[in-house]
Structure formats: structure tokens, C-alpha cells
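Have a look at this one.
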Amino acid sequence: MERYNFKVIEKKWQTFWEKNQTFKASIKKDKKKFYCLEMFPYPSGKIHMGHVRNYTIGDVLARYKSMQGFNVLHPMGWDSFGMPAENAARQNNLDPKTWTEENIKTMKSQLKQLGLSVDWNREISTCSEDYYKHQQSFFLDLLDKGLVYRKENYVNWDPVDETVLANEQVIDGKGWRSGAVVERKKLNQWFFSITKFSSDLLDSLEKLSKWPNKVKVMQKNWIGKSFGCEVNFDIKSSLPVKTIKCFTTRPDTLFGFSFLALSIDHPLSDFFKKDVEFIKFKNECGKTGTTEASIANAEKIGFKTNIKAINPLDVTKEVPVYFANFVLMDYGFGAVFGCPAHDQRDLDFALKYKLKVLPVVCPPNEGDNFKITKEAYTGPGKIFNSQFLNGLNCPDESILKTIEILEQKKIGKQKINFRLKDWGVSRQRYWGCPIPIAYNNRGEVVKIPKKDLPVKLPENIKLEVKGNPLEHQKNWKEVIINGEKCIRETDTLDTFVDSSWYFLRFCSTENTNVGFDLDDVKYWMPVDQYIGGVEHAILHLLYSRFFTRALGFNEKNFINLEPFEGLFTQGMVCHETYKDSKDNWLSPDEVESKDGKIYYKKNDTSESVKVGSSESMSKSKKNTIDPENIINNYGADAVRFFILSDSPPEKDIQWSEQGMISSYKFVQKFWSLHKIIISLELKNDINQSEDIDIFTNQMIDKITKNLENFHYNVIIANLHEIYNFLSKNLKKIDSKKNLLSNYEKILKIISPVMPHLTNECLNELNAKDRNEWPKVNKKFLKKVNFDVVIQVNGKKRDLMNFNKDINEQDLLFEIKNNQKLSKFLKDKEIKKSIYIKNKLINLII
RNA sequence: GCCCUCGUGGUGAAAUUGGUAGACACAAAGGACUUAAAAUCCUUGCCGCUUGCGGAGUGCCAGUUCGAGUCUGGCCGAGGGCACCA
């Protein structure tokens with residue numbers, strides 16, 4: 001039997017698709033569009049299994065939708081700005097552009113080997129001028145709309161490398177490369193006003209019915225809406241300041257007020273700039289690590305001032321004002337009123353500094369002598385110890401009532417606060433989109449005129465300088481705008497900006513004049529199905545949602561502001577981890593399995609290997625499998641088949657060599673079966689049995705439903721069932737004509753998963769309309785006979801086959817004659833029977 | 001600490017609105033073919049008597065129901081997100 005030569009056949013079809021421009025997308029107004037998008041890759045060098053999984057899932061969907069008659073847009077591009085290029089270039093002494101372009105070349109050819117139905121005419125790369133010139137133009141538009149501004153903000157500063165570090169580059173408070181203790185430094189930076197859209201970004205989540213709930217919850221928490229009020233506290237001090245403003249969600253606990261705490265960056269701190277003790281305290285605060293754990297476990301410390309704050313609801317009461325390390329400047333007003341009895345954090349602080357703890361909410365089962373010791377009470381109850389607030393139900397009634405009183409007295413105002421902060425987009429890096437701004441000698445911001453865009457990144461730069469390489473480009477920095485000498489902004493844009501609108505660019509790649517054409521975008525947008533990793537659940541997706549809103553802000557004629565109609569987040573690809581006796585990681589290539597044990601291959605077999613848990617593939621743990629090797633050994637169809645099998649696409653999948661081999665065998669088995677089917681000689685041309693029609697139509701029905709619901713692992717099981725059915729029942733089939741017409745439909749429903757194999761088979765069948773999804777013939781879904789489950793007292797006792805319209809009386813008659821059931825029913829009266837038509841009957845005795 | 005999700009064989013997992021639990025595969029054991037191996041095919045899968053049949057069984061404990069993997073309440077365990085957010 002001829003073996004299936006995937007190398008030849010896969011290449012053949014990939015060439016065919018390319019020549020025929022099979023996947024080229026263009027606007028067809030009479031057809032329903034379907035925009036299928038997977039998150040575009042960062043060109044890091046080679047594709048990894050995560051890419052294979054992501055793009056296979058998307059490709060199956062794109063091919064299926066196309067067969068269903070949708071006009072499909074399925075593009076691909078490169079998220080090609082970013083730090084890894086700068087680091088790699090520095091290491092290998094070449095420039096980021098060359099490094100990036102080489103990687104793109106490699107990865108593109110690898111992706112093509114997977115047989116993706118991508119329209120490569122629309123390929124984009126965010127590091128190309130053709131792309132980022134539009135981004136610079138958008139930046140200026142947003143600046144004109146008042147959605148971009150500049151302010152001072154803290155950054156992680158590495159004093160040795162003289163560079164700004166991203167949070168993930170700070171490890172235990174030290175720079176990842178230099179090991180120097182990271183400092184907080186204030187820099188002027190550009191910000192996008194994402195908080196202007198806080199409410200809308202939050203409320204619109206409800207409309208995203210095709211998004212995973214998990215992602216919506218994460219975004220909701222990230223935006224972090226809280227309802228409360230702002231309160232003005234009068235203060236007594238020698239300073240020229242009369243009041244301090246606080247935000248609180250619990251104004252009803254104001255009578256438990258025992259201190260007021262300020263952030264060390266609060267404007268009032270200016271008056272303490274020369275206070276030695278305060279400087280000491282501030283340094284102490286700076287020492288707290290930046291890791292999440294260290295922040296959470298950090299001790300609460302304060303610096304007591306001689307300022308007193310007056311309780312606005314009882315002006316006879318004064319409390320001390322502190323600076324405290326746990327108060328954040330960028331939330332609320334950088335000042336909190338402390339009520340230790342009903343807030344754990346405030347209680348910790350109060351206990352340390354021996355401040356008064358007065359409970360004002362009495363829990364349901366407690367009396368007036370209720371006391372707080374070590375745990376704050378945050379539950380419901382009745383207000384007490386609070387003069388005119390006493391007796392109010394907490395929290396519903398008491399909070400609203402207190403806000404009302406504060407508003408009447410003009411000392412407070414209802415307020416909704418968001419946790420979301422404005423998006424800082426300045427990066428002190430070379431390999432990013434230049435910000436189209438310069439500064440004149442008066443320090444004023446000057447916009448680069450649009451006609452002068454793009455502001456190109458200078459080439460042939462020296463990377464091995466300290467700090468941002470652009471700072472050292474004298475020729476590039478100096479620019480004359482409107483006859484005035486200016487210095488360019490040397491910061492570049494966060495790469496999340498690049499990915500916040502690339503889905504719009506894909507709609508109009510042929511138009512070089514504008515970032516996107518409104519007509520194109522109106523046809524293709526929104527993305528019907530977006531597919532990618534859950535690690536982008538918050539930032540990338542939120543920024544993209546913001547960016548479409550920002551672009552549409554104050555525009556009369558724009559698209560729907562939600563860019564992604566449907567979202568699917570796929571799981572990771574995992575593999576077992578291995579270590580040798582010295583705890584060095586070993587790659588799967590370096591080990592082999594013998595008699596159920598795993599050994600280090602290169603050594604004699606006496607050295608066994610420590611097998612660790614299965615974890616997401618990563619270079620650091622060496623548990624990666626190179627997709628290119630796998631494609632070369634088994635072919636793209638087998639890889640696609642395997643990566644979809646076993647686990648549902650939203651869950652993590654275990655890579656298994658065994659599973660991969662079995663997928664490869666499936667391709668081979670199927671090819672052999674195909675050869676048998678097409679060479680089968682059947683005399684009858686009249687159909688005797690409808691078994692194959694019934695089976696085929698059931699499968700079309702099942703696979704269609706499974707495709708619609710992303711149950712791709714079940715589809716693989718369905719494909720196994722198809723093979724099993726055909727190979728077992730071939731002998732029983734009498735009509736070749738009928739066999740082939742069913743077989744053709746079967747090949748079509750397999751084709752999204754294994755496009756090369758099925759196209760070759762369909763070709764040998766001379767099938768017409770290869771790109772048409774078969775319709776279910778409902779006639780064959782209607783069963784005439786049913787297996788009815790016979791239960792006695794809810795327990796299954798037998799299966800009996802009946803005609804579909806049998807009535808309950810006849811059914812009971814048959815049951816009584818059933819020998820097998822007689823032992824359960826003998827001498828017993830059937831008190832009741834529940835009959836679910838064509839399914840089940842439950843007899844109660 | 002708060003929020004979310006999930007617990008089904010040795011493993012990955014299936015299972016319309018509550019209606020045959022374990023589809024489909026991986027691994028294992030036994031068998032067939034073979035001089036042998038590989039490949040292929042078949043059988044088995046928890047407990048009891050052992051053709052067959054009966055019992056238990058979807059993390060644990062209750063509840064609703066003729067009937068619960070599925071619904072409700074409580075508990076235990078795992079994973080993920082946020083993290084001094086006032």
C-alpha cells in the first residue's frame with residue numbers, strides 16, 4: 001500500500017493556495033463577512049507550540065466559516081517592536097532591525113508550513129515605517145482631542161545602567177542586569193487618558209456576551225469602581241492649608257475616626273521637605289521591596305505630624321495627622337481617614353501607634369459593649385456610638401444617609417472612584433515608535449507637523465551606551481520646526497500602543513495614506529472572533545477597547561467602539577520537566593524512557609532522571625518541543641490534529657510524543673482507507689441500507705455544533721469515530737455511488753482540521769465545490785427505532801428497542817413480557833411510571 | 001485577605017433543557033498473527049459470586065426530584081486573577 005507522503009502533498013497544496021490566492025480577502029458587500037483574528041506574534045526567533053495551538057484553532061474556524069459562505073478576513077502580522085530585539089541586538093552586536101527582520105522571515109516560513117488560510121497580502125509589521133507613521137498621526141490626533149497629556153511620574157530607575165526598568169525587570173528590588181538597588185525617580189512622561197472612559201469601559205463589558213466571563217471579571221476588577229464620597233477635613237496647624245480631602249466608601253464610620261493618614265507624596269509633604277526626621281521616614285518607606293509579597297507583608301509605619309484634623313461630624317473631636325507608607329498617592333486624594341474598628345489596615349496602624357479604637361457598627365448579635373480587639377469588623381449591623389447616625393442599618397441605609405448629611409452640611413460630596421489609572425506610554429528605549437513631539441528652548445511642547453511624519457528611528461545607532469540610545473543621537477535629536485530650533489522627544493511608545501489598533505490596519509493595508517479607511521473598517525469590523533492567550537486578558541484588550549474609543553471620540557461618523565465581538569482564550573501547551581542528579585534541567589530530547597522509567601540518554605542508562613510536574617513550555621525549564629522538527633517528522637495535518645485533540649482548547653494541553661505518533665498514524669490510516677474506498681468495486685447501484693447516510697448526517701450535525709462551540713477536542717474524537725465507522729462498515733455498503741457521495745461530505749467536514757490530506761482526497765474524487773460546508777439532510781436524523789432505557793426505581797435494568805411512536809400502554813405491555821425484567825417486577829404492583837418519549841421509562845414499584 | 005474557575009477510571013477527557021456515566025484517545029495487562037521483534041487486530045479495566053448477574057460509583061456531607069456529574073446549601077482540595085485601592 002502506498003504511504004501518504006505528507007512532505008510532497010502538503011507542499012503541493014500550500015503552493016496551490018498561494019498561486020490561486022485562495023485566501024485573499026476583499027470587500028464583497030453582498031456577502032456576510034467574518035473577521036477571524038489571532039493575536040499576532042512577537043518575532044522572537046522561531047515559532048513555539050503555543051503559536052501552533054493558537055493559529056490552528058483560528059485556522060480551523062476561518063476555514064469552516066469560509067466553507068459556510070462567509071467572506072472571511074484572516075490576516076497575520078508581527079508585533080515587532082520591543083525590548084527583546086534591543087537586548088538580543090546588544091548581545092549579538094547587530095541592530096534590532098536586522099535581528100527582527102531575520103526572525104520574521106524564519107517564522108513566516110514556519111507558519112506557512114502549518115498550512116494556515118492566511119491572507120499574506122495583508123501582512124503588517126509594527127516596526128515598519130509604513131505602520132508606525134499612522135500611529136504617530138493618531139498620537140497627534142489624540143493630543144488634539146485632549147486625550148494625551150504629560151506629567152511627572154515615578155519610574156524604576158537603575159542607577160548603574162542609567163536606564164528605566166519595567167516592573168518585570170525588577171527582581172527583589174534590584175535591576176535584572178546590573179543587580180543595583182532600584183531607585184524611584186520622577187520623570188516627565190506621556191499619558192493616555194484612559195480613565196476618561198472608565199465608566200464606559202466598565203459598563204460596556206456587559207454587552208460582550210461572546211467573551212469569557214473570566215476575562216470580563218478580571219477587567220471589571222482592574223477598572224475597580226467604588227461608590228463613596230469625598231470628605232473635607234478641617235485641620236489645625238501652622239501651615240497655610242485649611243483642609244484635607246479624603247475619599248471614603250465608608251462615611252458612615254466617621255464617628256470612629258481616630259487618625260488621618262497621608263501619602264508621602266501628598267502635596268502637604270512639600271512643607272516637610274527639610275524635616276530631617278521626615279526625610280528619614282521617607283527613605284524608610286522607599287526600602288520596602290517592589291514585589292507583591294513584600295508590599296502585602298510590609299509593616300505599616302507612620303510619621304506623626306503636629307497637624308490635627310477635626311471630625312467634620314463632631315467638631316469637638318481632634319485626631320492626629322500622619323504620613324503613612326500604606327497610603328497611595330494615585331488613588332483617591334492620597335489621603336485616608338482612619339477608622340480602626342472597621343478596617344483591618346487602619347486597625348494594624350492604630351494598634352502600633354496606640355490610637356483610639358471606637359466601634360461604630362454593632363454586629364447583629366452584639367450589644368452596646370461590643371469591643372474590637374485584634375480583628376476589625378467589616379460586616380453588617382447597626383450604627384451606634386455615632387450621635388445622630390445611631391440606629392441606622394449598615395451598610396445600605398447608613399452610607400447613603402451619611403452622604404446626604406455631609407452634602408447638606410457642604411463638607412462632602414458623593415463620588416465614584418476608579419482604580420484604573422491613566423496609561424503611561426513613554427518608554428526610555430530605542431526599539432519602539434518615536435513619539436512625534438519636540439521641545440523648544442522654552443521647554444514647550446511642539447508637535448511634529450503631520451507632513452513631516454514619520455519621525456523615523458535613526459539607523460546604525462550605538463546600543464552599548466548607558467541609558468536610552470536615542471539620547472545620544474545628536475543629529476537626530478536636533479530639529480527645526482517652524483523656524484525654531486527644537487529637541488526631539490527621545491522616549492518611544494509602549495508597544496501596547498502598537499497592538500491597540502493593528503486590527504484596524506488589517507482592514508486597509510493597501511491604503512498607505514491613512515491608518516485605516518473608514519469604509520473598509522465599517523465593512524470588516526468588529527473582529528468577529530479574536531483568539532489568543534489569557535495573559536492579555538487585561539492590558540492588551542483593555543487598551544484596544546480604549547483606543548477605538550479614543551479614535552472615535554468626538555467623531556460623528558465612526559465604527560462600533562467595541563473592537564472584539566467574540567473572544568476566545570486558549571490554554572497553554574505543557575510538557576513534563578526533567579532534571580539530572582545535579583538539578584540541571586534536561587530537555588525532552590536528552591531523556592529516553594525504558595521499562596517505564598526515564599533515563600538520561602547521553603549517559604549510561606544507570607543515571608535516572610528526576611521527572612517533575614508538567615508545566616507550560618519554557619526555554620528556562622528546557623521542556624520545549626520545536627514545532628519545526630515535529631512538522632518535518634509528522635506533517636502539518638498530523639500536528640494540527642494532535643494539538644486540537646485531548647484537551648478542550650481553553651484548557652492547558654499536555655504535549656505527548658505518544659499522542660503525536662498516534663495522530664500521525666491516524667493520517668496514514670485514513671489515507672489507506674481512502675485508497676480502499678476509491679478503488680472499491682461495488683456492483684449494486686441501488687442503495688439497500690441507509691446506515692451510512694444516517695451516520696454521515698449525524699456527523700455533519702455533530703461536527704457543525706462542536707465547531708460553533710469550540711469543542712475542538714470532541715471534533716477529533718468525531719474524526720476517530722468516522723474512521724472507525726467506515727473501516728468497520730465498508731463491507732456492508734452496497735452502492736458505490738452512495739458511498740462516494742457520503743464520503744465526499746465526510747472529507748469536507750474533516751477539511752478545516754486537516755486541509756492538505758482532505759484536499760488531496762477530494763481531488764482524487766474529482767469533487768466539485770470543495771469549499772462548501774455540507775448541509776444536514778434532516779431526513780436521516782429522524783430515527784425510526786429507539787433504544788429505550790427501562791428503569792425500575794430509578795435504576796437501569798434493560799434496554800429495549802421500540803418504534804418511535806409506541807404509546808406508553810403498549811410499551812408497558814412489552815415490558816411485562818420481558819423475561820429479563822420479570823425478576824424485578826414479579827409479584828410487584830407498578831405504582832407509577834414516568835415515560836420520556838423515545839428515551840426512558842422509569843417504573844416505580 | 002478579596003474575587004473567579006474547576007474537582008468524573010492509571011492519564012487526557014466525553015455526556016442537549018436533570019434522563020443509559022466514562023464517548024474518543026493515551027498508558028498498562030492478557031491474547032491472536034510472527035522463528036522473533038516491529039506493525040496490526042481482539043479482550044480486560046472498582047467490589048463480590050465468577051457463562052452471566054448483582055452491588056457500589058462523577059472530591060466529601062446533606063437537600064430537592066420518579067430520576068442528580070448536571071440544580072440548592074455547607075465543607076474539603078486544586079488552579080488562576082488582584083493585592084495596603086481607603
Side-chain angles (χ1 to χ4, degrees), chain A residues 212-222 224-226 228 231 246-251 253 261 263 288 291-293 295-300 324-328 330-339 342-346 348-349 378 417-421 534-535 537-538 574 593 596 614 642 645-648 650-654 656-663 665-666 668-669 702 705-706 709 711 713-724 727 787-799 820 823 831-837 839-845:
Chain A
N213 203 44
K214 178 175 65 170
V215 175
K216 288 193 277 189
V217 169
M218 279 160 75
Q219 291 213 356
K220 192 180 161 196
N221 293 338
W222 189 261
K225 180 178 179 173
S226 36
V231 184
C246 295
F247 172 75
T248 177
T249 56
R250 294 299 304 276
T253 62
S263 162
T288 313
T291 60
E292 287 175 357
I295 290 170
N297 301 326
E299 202 190 352
K300 285 158 189 59
N325 64 340
F326 62 86
V327 184
L328 306 169
D330 49 10
Y331 185 81
F333 301 100
V336 297
F337 95 78
C339 175
H342 304 292
D343 183 298
Q344 192 58 45
R345 193 194 37 201
D346 293 349
D348 294 344
F349 190 81
T378 53
N417 218 6
F418 293 94
R419 209 190 71 113
L420 184 67
K421 295 174 183 74
V534 73
E535 65 273 19
I538 299 173
C574 300
S593 144
S614 180
F642 174 68
S645 68
D646 286 346
S647 295
E650 69 275 14
K651 283 178 72 175
D652 288 354
I653 187 173
Q654 299 285 350
S656 126
E657 187 71 17
Q658 289 302 330
M660 185 59 244
I661 291 169
S662 122
S663 299
K665 283 180 187 163
F666 183 86
Q668 292 295 344
K669 278 194 315 195
K702 275 189 194 175
K705 282 176 184 155
N706 286 331
N709 296 308
H711 294 164
N713 57 323
V714 187
I715 292 175
I716 300 303
N718 294 150
L719 300 195
H720 280 290
E721 283 178 69
I722 287 173
Y723 174 83
N724 293 345
S727 64
D787 282 334
V788 175
V789 178
I790 318 296
Q791 289 186 342
V792 179
N793 285 343
K795 276 182 185 166
K796 180 190 160 192
R797 292 303 180 191
D798 203 5
L799 266 183
K820 204 171 157 188
K823 67 176 165 186
K831 289 176 190 155
K832 191 180 170 186
S833 69
I834 298 108
Y835 178 48
I836 311 297
K837 206 180 166 195
K839 240 180 199 168
L840 175 145
I841 183 160
N842 191 5
L843 309 169
I844 310 304
I845 58 171

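Note that the coordinates shown come from a computational prediction; the quantities given were computed from them, not determined experimentally. Chain letters run A, B, ... following the sequence lines, proteins first, then strands; residues in each count from 1.
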Review item, nucleotides 44-50 of chain B N/O atoms under 3.5 Å of protein N/O:
none

* Asked: Could a donor-acceptor pair under 3.5 angstrom be found where the side chain of A:Lys220 meets the base of B:rC3?
  ->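 Per atom types, no contact qualifies.
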* To do: Determine the contact category for A:Asn724: base if any of its heavy atoms lies under 4.0 Å from a base atom, sugar-phosphate if only primed atoms, P, OP1 or OP2 are that close, otherwise nothing.
  =>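 The answer is sugar-phosphate, as A:Asn724 gets under 4.0 Å only of primed atoms, P, OP1 or OP2.
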* **Under 4.0 Å protein heavy-atom contacts per nucleotide of nucleotides 9-23 of chain B, with B for base, S for backbone only and - for none** => ---BSS--B-BB--B
* **By side-chain hydrogen bond (donor to acceptor under 3.5 Å, both in side chains) - contacts of A:Thr378 (at least two apart)** => none
* Structure fact -> Listing for RNA chain B: consecutive Watson-Crick or G-U pair runs of at least 3, distance cutoff 3.5 Å, ranges ordered by first number, gives B:1-7 with B:76-82, B:10-12 with B:24-26, B:28-32 with B:40-44, B:46-49 with B:52-55, B:59-63 with B:71-75
* Asked: Between A:Lys421 and B:rC85, is there a side-chain N or O to OP1/OP2 distance below 4.0 Å?
  -> no
* Asked: How about A:Ile844 and A:Ile834: do any of their side-chain heavy atoms sit closer than 4.5 Å?
  -> yes
* Report which part of the nucleic acid A:Val534 touches: base, sugar-phosphate, or nothing (heavy-atom distance under 4.0 Å, all strands). => nothing
* Asked: Checking all strands, does A:Ser833 fall into the base, sugar-phosphate, or nothing category for heavy-atom contacts under 4.0 angstrom?
  ->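 If one applies the 4.0 Å heavy-atom cut-off, A:Ser833 turns out to touch nothing in the nucleic acid.
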* To do: Could you check A:Leu843 against A:Ser833 for side chain to side chain contact (heavy atoms under 4.5 Å, CB included), going step by step and ending with a plain yes or no?
  => CA-CA 5 Å; A:Leu843 309 169; A:Ser833 69; 3.7 Å; yes
* Asked: Would a 4.5 Å heavy-atom cut-off, applied to side chains only, mark A:Phe337 and A:Thr248 as touching?
  -> yes
* To do: Round to the nearest Å and state the distance from A:Asn221 atom CG to B:rG80 atom P.
  => 17 Å
* **Rounded distance in Å - CG (A:Asp346) to C1' (B:rG1)** => 15 Å
* To do: In whole angstrom, give the distance that lies between atom CE of A:Met660 and atom C1' of B:rC26.
  => 14 Å
* Taking syn as any angle within 90 degrees of 0 and anti as the rest, which one fits B:rG9? -> syn
* Asked: How close or far is atom C1' of B:rA86 from atom CZ of A:Arg419, stated in whole angstroms?
  ->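 The answer, rounded to whole Å, is 13 Å.
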* To do: Round to the nearest Å and state the distance from A:Lys665 atom NZ to B:rA38 atom P.
  => 11 Å
* To do: With sequence neighbours left out, write down each residue that passes side-chain hydrogen bond (donor to acceptor under 3.5 Å, both in side chains) with A:Glu650, or none if nothing qualifies.
  =>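 So A:Glu650 forms no side-chain hydrogen bond (donor to acceptor under 3.5 Å, both in side chains) with any residue.
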* Whole-Å distance between B:rC85 P and A:Phe333 CZ? ->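 So the two atoms are 17 Å apart, to the nearest Å.
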* Asked: In a check of side-chain contact (heavy atoms from CB on, under 4.5 Å) between A:His720 and each of A:Ile722, A:Ile716, A:Asn718, which one passes?
  ->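 Testing A:His720 for a side-chain contact (heavy atoms from CB on, under 4.5 Å) against A:Ile722, A:Ile716, A:Asn718 leaves exactly one candidate, A:Ile716.
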Close N or O pairs between protein and nucleotides 30-33 of chain B (under 3.5 Å):
none

* To do: Check whether the side chain of A:Arg250 and the base of B:rA86 form a donor-acceptor pair under 3.5 Å.
  => no
* To do: Quickly work out the A:Lys214 NZ to B:rC4 C1' distance and round it to whole Å.
  =>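 Atom-to-atom, A:Lys214 to B:rC4, this comes out as 9 Å.
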* So what does A:Lys795 touch, heavy atoms closer than 4.0 Å: a base, only the sugar-phosphate, or nothing? ->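 Sugar-phosphate contact only - A:Lys795 comes under 4.0 Å of backbone atoms but never of a base.
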* To do: Send over the distance from A:Glu657 CD to B:rC26 P, rounded to a whole Å.
  => 14 Å
* **N/O (side chain, A:Arg797) to phosphate O (OP1/OP2, B:rG55) under 4.0 Å** => yes
